[in-house]
Trainee: 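A single structure is presented below for examination.
Reckoned from all heavy atoms, side chains included, excluding hydrogens, waters and symmetry mates.
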Amino acid sequence: MADKMDVVKSEPNKEGYSLKSSQSARRKLIKSSPLLLILGNRPSFAASCSISGFMSVKVGTSLTTHDGSLCNGWSPGNWKNDRGQITQTAWAQAGVASSASFSSLFNTGAANIRKVTNGVVGDYVSYSSGISFSMLQVMEGAVSGGNDAGNIVKHAAATYLNAAFLANGGGGTNPDPWMYNYISTEDVVGLYLLYELTYLASPAPAPGVSYIYERNGITIAESINMSTSEYASFFHSLSDGSGSDDWQNG
């Protein structure tokens with residue numbers, strides 16, 4: 001994707017917008033308010049850290065509201081500082097090398113994205129993030145530029161690591177409250193790609209073009225009317241760093 005990501009400091013990856021074959025099973029695009037709509041795939045809880053920091057969401061069969069006090073997953077600073085129990089062992093538990101490129105994890109091989117033109121849902125797009133820095137470099141502040149890129153990208157990276165760590169059993173037998181009902185890596189990637197395609201891609205989407213993230217043939221989230229501040233609020237709420245990095249010793 002040459003010259004597509006002038007918000008980063010390195011040469012971006014090449015990537016295209018080739019379309020995958022269409023699937024017949026999909027739901028009608030939901031026209032929501034300017035808030036992120038995402039349907040959970042976790043058991044219902046009285047309060048949830050699994051979805052969004054700025055709206056009510058449906059988790060399982062229960063309508064729940066985001067509880068910011070539970071969304072205190074490890075931050076970019078936690079992951080990059082090699083302290084407490086967040087060391088290379090934690091990276092290994094997450095199944096991610098600190099040298100792994102951001103783009104190797106944030107692409108449509110990990111989450112299904114469709115292009116929407118004037119309200120008509122099209123086929124899947126093939127896309128990889130244009131950010132070629134390593135996960136560690138991202139969280140050290142390598143990404144800069146407009147549209148809150150540095151802030152959103154590094155918190156998306158930390159949120160991904162949190163999700164992968166927990167998916168691989170990292171919470172152990174004495175998990176912190178935020179560890180019980182956390183977002184999946186697939187959802188992290190899908191939601192982040194909506195942001196990048198909308199605000200970082202060059203050229204920018206043409207008028208009338210937006211994107212949706214889809215899971216199992218169901219529309220999970222849509223980019224239309226989502227602001228950069230809403231993406232920043234979402235990812236920061238899931239990796240704000242107030243959770244203990246020594247929880248199993250507490």
Trainee: Can you find a pair of side-chain heavy atoms, one from V153 and one from I131, that are under 4.5 Å apart?
Mentor: yes
Trainee: Taking atom CG of D148 and atom CD of E230, what is their separation to the nearest 0.5 Å?
Mentor: 12.5 Å
Trainee: By ring pair (Phe, Tyr, Trp, His ring centres under 6.0 Å), which residues pair with F235, not counting sequence neighbours?
Mentor: none
Trainee: Would you compute the distance between atom CG of N78 and atom CG of D240 and round it to the nearest 0.5 angstrom?
Mentor: 9.0 Å
Trainee: Is T117 close to K115 at the side-chain level, that is, under 4.5 Å between some pair of heavy atoms?
Mentor: yes
Trainee: Give me the atom names and distance for the closest heavy-atom approach of S75 to A158.
Mentor: C-CB, 3.8 Å
Trainee: Passes side-chain contact (heavy atoms from CB on, under 4.5 Å), S239 versus W79? Steps please.
Mentor: CA-CA 10 Å; S239 55; W79 280 101; over 6 Å; no
Trainee: Rounded to the nearest 0.5 Å, how far apart are CZ of F102 and CG of L136?
Mentor: 13.5 Å
Trainee: As an exercise, state the distance from CG of N112 to OG1 of T219, rounded to the nearest 0.5 Å.
Mentor: 11.0 Å
Trainee: Sort and list the pairs that fulfil ring pair (Phe, Tyr, Trp, His ring centres under 6.0 Å) and have at least one residue in residues 140-159, not counting sequence neighbours.
Mentor: H155-H236
Trainee: Can you name the closest pair of heavy atoms from G122 and R114 and give their distance?
Mentor: O-NH1, 2.9 Å
Trainee: Taking the side chain as every heavy atom from C-beta outward, state whether I224 and I212 have any atom pair closer than 4.5 Å.
Mentor: no
Trainee: With side chains defined as the heavy atoms from C-beta onward, is the minimum distance between M226 and Y231 less than 4.5 Å?
Mentor: yes
Trainee: Is the W74-F165 ring centre distance short of 6.0 angstrom?
Mentor: yes
Trainee: Any side-chain heavy atom of I183 within less than 4.5 Å of one from F234?
Mentor: yes
Trainee: Got Y211 and P205 here, is their nearest side-chain heavy-atom distance under 4.5 Å?
Mentor: yes
Trainee: Examine Y127 together with F106 and report whether their ring centres are nearer than 6.0 Å.
Mentor: no
Trainee: Side chains of E222 and Y213: do they bring a donor and an acceptor to under 3.5 Å?
Mentor: no
Trainee: Answer with yes or no whether the side chains of T159 and N162 bring together a donor and an acceptor at under 3.5 Å.
Mentor: no
Trainee: Can you measure from CG (L191) to CD1 (I113) and round to the nearest 0.5 angstrom?
Mentor: 8.0 Å
Trainee: Specify the closest pair of heavy atoms between S103 and S132, including all atoms of both residues, with the distance to one decimal.
Mentor: OG-CA, 4.3 Å
Trainee: Taking all heavy atoms of A157 and all of V138, pick out the closest pair and write down the distance.
Mentor: CB-CG1, 4.0 Å
Trainee: Does any part of the side chain of L193, heavy atoms only, come nearer than 4.5 Å to the side chain of T108, both counted from C-beta?
Mentor: yes
Trainee: Does any N or O in the side chain of Q93 come within less than 3.5 Å of the main-chain N or O of N168, such that one atom is a donor and the other an acceptor?
Mentor: yes
Trainee: For residues M135 and L105, determine if any side-chain heavy atom of one lies less than 4.5 Å from a side-chain heavy atom of the other.
Mentor: yes
Trainee: Could you tell me which non-hydrogen atom of S223 sits nearest to which non-hydrogen atom of S210, and how far apart they are?
Mentor: OG-CB, 3.5 Å
Trainee: Could you measure the distance from the CD1 atom of I152 to the OG atom of S233? Nearest 0.5 Å is fine.
Mentor: 10.0 Å
Trainee: Taking K80 first and then E140, would you say they form a salt bridge - that is, a charged N and a carboxylate O separated by under 4.0 Å?
Mentor: no
